[in-house]
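Inspection log for the structure reproduced underneath, given as structure tokens.
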Amino acid sequence: MKTDFIPIDYDYFDFQNRNYIKITGRNSQGKRVFLIDTCPIYLWAILKPNLSSQKIKKLIEKISRIKVKTRERTSKVEKVEIHDKNFLDKPVKTLKIFVTNYKDLPEIASSLGLEEIEKRRGYDLGFITHYIIEKKLDPLNWYEIEGEEISNSDDYGGIGKAVEADICIMLDKHKKVQEKKFTPKTLAFDIETESGAFQIGSGEILMISLVSDNFKKVITWKGNENKKDYRYVEYVKDEAELIEKFIEYTKKISPDFIVGYYSDGFDMPYIKARAQKNKIKFDINLDGSQPIFSRGISTTAKTKGISHIDLLRFIRTAYAQYMQSETLSLDDVASEFLGENKKEFEFKHSSKINSEEWDKYFEYNLHDSVLVFKLFEKFWPDLLTFSLTIKEPPSELSRAGLSKFVEGYILHNLEKYNEIPERRPKHEELGKRRQEGPVEGAFVLEPKPGLYEKIAMFDFTSMHTSIIISMNISKSTLLEKKEKNSNTIKTKLGEFSFTKKQGFIPALLNEIFLYRKKAKAEYKKNPNIFTKARSNAFKVLSASVHGYIAFFGARYYSKEASSSILGYVRKFNQDTIKNIEKEGYEVVYGDTDSIAFIMGNKTETEIKDFLKRLNSKLPGIMELELEDFYKRGIWVTTRGGTTGAKKKYALLDKKGNLKIRGFETVRRDWCTLARNLQNRIITLILEDGNEKRALEYLKTVIKKAKAHEISKEELIIKTQLKKPLSEYKATTPHVIVAKKMKEAKMPISPGTIISYFVCEAKEKKALVRDRVKLPGEKGQYDAEYYLNHQILPAVENIFQVFKINISEIIEGKRQTSLGDF
DNA sequence: GAAGTGGATATACC
DNA sequence: ACTGGTATATCCACTTC
């Protein structure tokens with residue numbers, strides 16, 4: 001049997017004490033292909049240097065006799081080979097020790113604590129990763145595969161019969177073929193549960209919506225009394241049948257991906273809980289088994305064959321950093337990327353919903369799935385590219401953090417360098433690393449507060465990554481002491497030198513760097529929300545390489561490397577500032593990898609030429625680029641101080657677009673009154689080049705605020721609850737509000753955005769937290785608070801640039817000179 | 001009792 | 001615990017004069 005094949009989802013099973021991989025995918029006819037395969041299982045033993053061949057021979061004999069007995073099976077060493085490999089860029093003599101079962105590798109490794117063996121490695125990758133590395137059957141690549149058809153066979157426990165696939169193959173041969181077009185079949189889903197049922201499984205599932213290509217369905221057992229199907233609504237008799245129908249449709253549609261939003265944390269565990277309650281099976285997996293729920297920081301619902309993706313988790317890692325939305329709610333995310341919102345629906349207990357409202361509810365439910373479906377469609381190219389680059393399956397990657405992205409990429413590409421994988425740090429090591437404390441980070445230049453005209457901004461392209469590549473920095477390229485031809489950098493931890501002989505990590509990162517460049521070029525050529533999101537996703541990936549090296553959980557963690565990278569970051573930025581100043585420019589500001597300076601009487605062409613000259617002196621792939629030219633910009637002082645505030649500025653580009661960083665305008669924990677006011681004031685000042693109109697505008701707002709004419713909506717302050725209430729040491733306003741919410745039986749958990757406004761107090765000196773009210777509560781807002789604690793701080797230092805004292809205006813002290821207060 | 005200081009907390013920048 | 005460090009700013013508890 002022969003077919004072409006694209007692997008999508010990976011899983012494994014044991015049969016007669018051997019490990020088998022099972023891969024679900026498609027062929028180019030769209031048939032579902034299910035593939036079973038095995039691979040050699042082994043680990044590496046790195047030998048002490050200069051062992052005699054006699055000694056090695058004896059050692060091999062000894063190792064060959066090793067057997068490990070566990071409750072389930074006896075695993076034994078099957079074969080031992082000698083190999084010349086590299087470990088951390090150094091040549092080593094190793095034994096490749098083959099055993100019967102992957103799960104026993106750690107046991108075997110611990111029985112190898114022998115004198116002749118220096119290190120044991122390669123037993124902690126996980127079977128799927130091990131398999132992909134070993135057999136090079138990479139996710140989402142196209143292959144020509146050959147093997148025995150086992151669809152109707154009882155072999156391997158009859159798995160071929162059990163699984164619902166068009167073709168089942170026991171793999172014999174495979175070879176990579178040219179890339180073909182692949183559009184995954186997707187099913188988006190969303191459930192609605194009894195209102196007030198915040199605990200997983202505590203109330204009934206009222207309906208479930210399903211959306212796929214040309215398929216829209218809401219399955220329900222509620223609403224309309226005669227329970228007749230109409231439009232997309234399909235009635236079932238009860239909750240149990242609803243779940244069964246859901247499974248039935250899923251199998252019928254047979255998608256590659258079943259996609260939800262927060263479905264790891266809600267929909268999937270909820271369905272599971274309700275299935276249990278109804279004493280039915282939630283057997284949605286292709287092989288008839290149930291999803292596996294893993295606990296941990298967040299629950300994960302892994303399905304088999306039909307790959308479950310919780311889109312929220314992928315968005316959180318890959319896009320959240322650069323998103324405009326202030327929450328990652330489906331409504332906000334859809335609004336940002338699709339320009340569409342959720343439908344409105346007022347939740348109430350199902351017994352109180354009338355038939356017209358049920359219709360709205362169904363529509364609401366369906367629309368959620370529509371949004372999820374569309375979002376997945378848009379983000380699929382990115383998940384695909386990440387999966388192709390990192391060589392981990394999409395179900396894995398969509399839930400992974402950034403360290404996993406980087407580490408996965410390294411592990412899957414070690415073979416090019418004949419490298420043996422480093423192990424995951426053990427518990428002790430983790431503790432030690434975390435105790436060490438942070439290393440000195442980047443340099444931020446203190447700005448001189450003021451309004452500036454004609455500003456140019458340069459920044460380094462993927463600075464940390466290009467430093468790692470150009471200066472060849474990594475755990476394995478670190479020299480014990482300075483050598484003649486090495487890259488040396490002084491840091492607070494000491495002076496570190498790195499060999500110029502390229503290490504495997506810097507070599508590997510080059511590719512990530514190129515992806516970043518490509519995505520950025522794509523965005524510049526075709527700027528839209530998605531090319532932007534993609535460019536940023538690769539920016540995140542590229543930027544996280546340094547974070548990975550400094551991450552205590554990393555296999556290739558290196559404090560020396562991290563501190564050296566940051567040393568170079570400071571050096572390159574500071575050197576460039578000096579060079580720009582030497583050229584006669586006034587540098588206004590710089591943060592980590594960027595520098596802003598006044599163009600003065602120089603033209604854009606002159607500055608671009610200057611940039612070229614600066615670049616010609618930079619080593620390796622280091623590159624300084626023009627971020628943009630700006631018409632005007634403003635930098636302010638810190639609050640109550642005279643020094644320039646870092647990480648806070650606003651720029652107006654030549655097209656009239658504002659770029660605001662750090663100001664309250666961009667902070668979600670300030671009320672919209674203050675944010676909008678500040679935004680308006682910055683806009684007016686930057687557009688006009690003076691403060692006149694801005695000041696007039698401010699006065700009108702102050703007047704309105706004093707007269708209690710501001711709508712409550714604009715006064716709501718939103719703060720995120722970051723941990724369980726019980727863990728808070730300080731009693732802050734948002735904690736008080738959260739407690740109120742809890743008493744009112746409103747759902748709160750870490751991550752909930754707490755909304756409140758500040759009211760007038762009976763006592764004069766009441767603390768803020770004693771005056772907070774929920775948005776729904778009645779009460780007059782405290783004008784004094786909003787004037788002095790929201791409006792004033794938001795605009796004070798902006799007007800200070802023009803030597804105007806806003807607090808006097810607010811207090812009304814200089815009425816005569818400043819107008820009608 | 002005002003003023004200053006420092007811890008806890010949240011959020012942003014790169 | 002799940003990439004890093006740098007920075008601003010609030011609110012509150014506490015100390016100091």
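If you're wondering where the values come from, they're calculated on a predicted model, not measured in any experiment.
With rounding to whole Å, Phe552(A) atom CZ is found 7 Å from dA1(C) atom P. If you measure from atom CD1 of Ile660(A) to atom P of dA12(B), you get 14 Å, rounded to the nearest angstrom. Look at NE2 on His546(A): it is 17 Å from P on dC14(B), rounded to the nearest Å. At whole-Å resolution of the value, CZ in Arg316(A) and P in dC2(C) are 12 Å apart. To the nearest angstrom, C1' of dA8(B) lies 10 Å from OH of Tyr728(A). Distance, Glu440(A) CD to dT6(C) C1': 11 Å, rounded to whole Å. We find that CD1 of Ile549(A) is positioned 15 Å from C1' of dG5(C), with the value rounded to whole Å. In this structure, Arg570(A) atom CZ and dC14(B) atom C1' are separated by 15 Å, rounded to whole Å.
Proximity of Val545(A) to Phe513(A): side-chain heavy atoms (C-beta onward) are nowhere separated by under 4.5 Å.
Rounded to a whole angstrom, the distance from the P atom of dT3(C) to that of dA7(C) is 23 Å.
Note that the CD1 atom of Ile565(A) and the CD1 atom of Ile549(A) stand 4.0 Å from one another [nearest 0.5 Å]. Summarising the geometry, atom CE belonging to Met268(A) is positioned 11.5 Å from atom OG1 belonging to Thr299(A); distances are rounded to the nearest 0.5 Å.
A donor-acceptor pair shorter than 3.5 Å cannot be found between the side chains of Ser335(A) and Asp331(A).
No contact: Val545(A) has no heavy atom under 4.0 Å from any strand. At the heavy-atom level, Tyr322(A) lies nowhere under 4.0 Å from the strands shown. Lys539(A) comes within contact range of no nucleotide atom at all, as no heavy-atom separation falls under 4.0 Å. As judged by a 4.0 angstrom heavy-atom cut-off over every strand, Gly547(A) is placed among the base-contacting residues. Contacts of Gly553(A) with the nucleic acid, taken as non-hydrogen atoms under 4.0 Å apart, are absent.
Using a 4.0 Å cut-off, no side-chain N or O of Tyr557(A) falls inside it from OP1 or OP2 of dA1(C). For the pair Ser403(A) and dT3(C), the criterion of a side-chain N or O lying under 4.0 Å from OP1 or OP2 is met.
Note on ring orientation: taking the six-membered ring where Trp is involved, the planes of His734(A) and Tyr728(A) are perpendicular (angle over 60°, cut-offs 30° and 60°). Using bins of under 30°, 30° to 60° and over 60° for the plane-to-plane angle, the ring pair Trp635(A)/Tyr649(A) lands in the parallel bin.
Ring centroids of Tyr515(A) and Phe538(A) are separated by less than 6.0 Å, placing the two rings close together. A centroid separation of 6.0 Å or more is found between the aromatic rings of Phe379(A) and Phe314(A). Outside the 6.0 Å centre-distance limit, the rings of Tyr548(A) and Phe405(A) are not counted as a close aromatic pair.
Near DNA chain C, meaning a heavy atom under 4.0 Å away, there are no residues from residues 463-476 of chain A. Shown for residues 622-630 of chain A: no residue has heavy atoms falling under 4.0 angstrom of DNA chain B.
If you check dG4(C), dC13(B), dT11(B) against the side chain of Ala550(A), the one that comes closest is dG4(C). Residue Phe551(A) has its side chain nearest to dG4(C) when only dT9(B), dG5(C), dG4(C) are considered. Of the candidates dT9(B), dA12(B), dT3(C), dT9(B) carries the atom nearest the His734(A) side chain, counting heavy atoms from C-beta on.
Arg434(A) pairs by the salt bridge (charged side-chain N to carboxylate O under 4.0 Å, His left out) definition with nothing, not counting sequence neighbours. Not a single salt bridge (charged side-chain N to carboxylate O under 4.0 Å, His left out) links Arg668(A) to another residue, sequence neighbours left out.
Salt-bridge check for Glu429(A) with Arg423(A): failed, with every basic side-chain N at 4.0 Å or more from each acidic carboxylate O. Lys659(A) has a carboxylate O that lies under 4.0 Å from a charged side-chain N of Glu627(A), or vice versa, which qualifies the two as a salt bridge. Salt bridge annotation for Glu326(A)-Arg675(A): present, with a cationic side-chain nitrogen under 4.0 angstrom from a carboxylate oxygen.
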Distances under 3.5 Å between protein N/O atoms and the N/O atoms of nucleotides 3-6 of chain B, please, pair by pair.
none

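Residue-to-nucleotide contacts include no donor-acceptor pair under 3.5 Å from the side chain of Gln720(A) to the base of dT9(B).
Nearest approach of Asn573(A) to Met463(A), heavy atoms of both residues: N-CE, 4.1 Å.
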Quick one: what's the B/S/- string for nucleotides 7-17 of chain C, heavy-atom cutoff under 4.0 Å, read 5' to 3'? SSSSSSS----

